[in-house]
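Values below: all heavy atoms of this structure, side chains included; hydrogens, waters and symmetry mates excluded.
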Amino acid sequence: QVQLVESGGGLVQPGESLRLACAVSGRTFSRNAMGWFRQAPGNEREFVSGISWNSGSTDYADSVKERFTISRDNAKNTVYLQMNSLKPEDTAVYFCAAWYSGSYHGPVDSWGQGTQVTVSS
């Protein structure tokens, strides 16, 4: 069992930045692959970014590549999503995700409750 708690969401203007954090508890963190998804009203939940258990591999949706950066601090049991140059289309609820296998393939094993990110002028 893994518990995921997101933080760092909020309201920002286009072009500004936010850093999301996901704190993990309840299970060994280091061997989990971690990632972020997002869902806007009326849209399907979509993959944003993933990172392998040892940070050796990362992946990004084309829409956020070169603007977002995923990282993890295994000593703090926390994964981050640095979001720069935010656009209105980034507005969504952002969900933290964990894969127990150690790689971000297949079904997600555990979800956080989400944190709202709103980009508006």
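Looking at heavy atoms from C-beta onward, Ser55 lies out of side-chain contact with Ser71 at the 4.5 angstrom threshold. Two residues are said to be in side-chain contact when any heavy atoms from C-beta on lie closer than 4.5 Å; Val108 and Trp99 meet this criterion. Side-chain contact check for Met83 versus Val64: every heavy-atom pair is 4.5 Å or farther apart. Side-chain atoms of Phe95 and Leu4, non-hydrogen and from C-beta on, never get closer than 4.5 Å to each other.
Put simply, the side chain of Ser52 never gets that close to the backbone of Ala33: no donor and acceptor are under 3.5 Å apart. Not one N or O on the side chain of Tyr100 forms a donor-acceptor pair closer than 3.5 Å with the backbone of Ser110.
Note: the hydrophobic cluster containing Tyr80 does not contain Leu20 (ILVMFWY, side chain heavy atoms under 4.5 Å, direct or indirect links). Val5 and Tyr94 fall into different hydrophobic clusters, where Ile, Leu, Val, Met, Phe, Trp and Tyr are joined by side-chain heavy atoms under 4.5 Å apart, directly or via other members.
Applying the salt bridge (charged side-chain N to carboxylate O under 4.0 Å, His left out) test to pairs two or more places apart or on separate chains, none has a residue in residues 111-121. Note on residues 112-121: no pairs pass salt bridge (charged side-chain N to carboxylate O under 4.0 Å, His left out), not counting sequence neighbours. Applying the ring-ring contact (aromatic ring centres under 6.0 Å, His included) test to pairs two or more places apart or on separate chains, those with a residue in residues 102-121 are Phe37-Trp111. Listed by first then second residue, pairs satisfying salt bridge (charged side-chain N to carboxylate O under 4.0 Å, His left out) with a partner in residues 90-115 read Arg38-Asp90, Arg67-Asp90, not counting sequence neighbours.
The CZ atom of Arg72 lies 8.0 Å from the CG atom of Asn54; values are rounded to the nearest 0.5 Å. Summarising the geometry, atom CG belonging to Asn32 is positioned 8.5 Å from atom OG belonging to Ser101; distances are rounded to the nearest 0.5 Å. Here Gln82 contributes atom CD and Ile70 contributes atom CD1; the two are 12.0 Å apart, rounded to the nearest 0.5 Å.
Heavy-atom neighbours of Glu46 CD from other residues, nucleotides or ligands within 6.0 Å: above the threshold of 12. Around CD of Glu44, the count of heavy atoms belonging to other residues, nucleotides or ligands within 6.0 Å does not exceed 12.
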Result block: side-chain N/O donor-acceptor pairs under 3.5 angstrom for residues 114-121, not counting sequence neighbours:
unit_1, atom_1, unit_2, atom_2, d
Thr115, OG1, Gly9, N, 3.4
Gln116, NE2, Ala92, O, 3.4
Gln116, NE2, Thr118, OG1, 3.3

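Taking each heavy atom of Leu18 and Gly8 in turn, the nearest pair found is CD2-O, 3.7 Å. Nearest approach of Met34 to Cys22, heavy atoms of both residues: CE-SG, 4.3 Å. Of all heavy-atom pairs spanning Glu6 and Cys96, the tightest one is OE2-N, 2.7 Å. Pairing each heavy atom of Thr69 with each of Tyr60, the nearest pair is CA-OH, 3.4 Å.
Checked against salt bridge (charged side-chain N to carboxylate O under 4.0 Å, His left out), Arg45 has no partners two or more places apart in sequence or in another chain.
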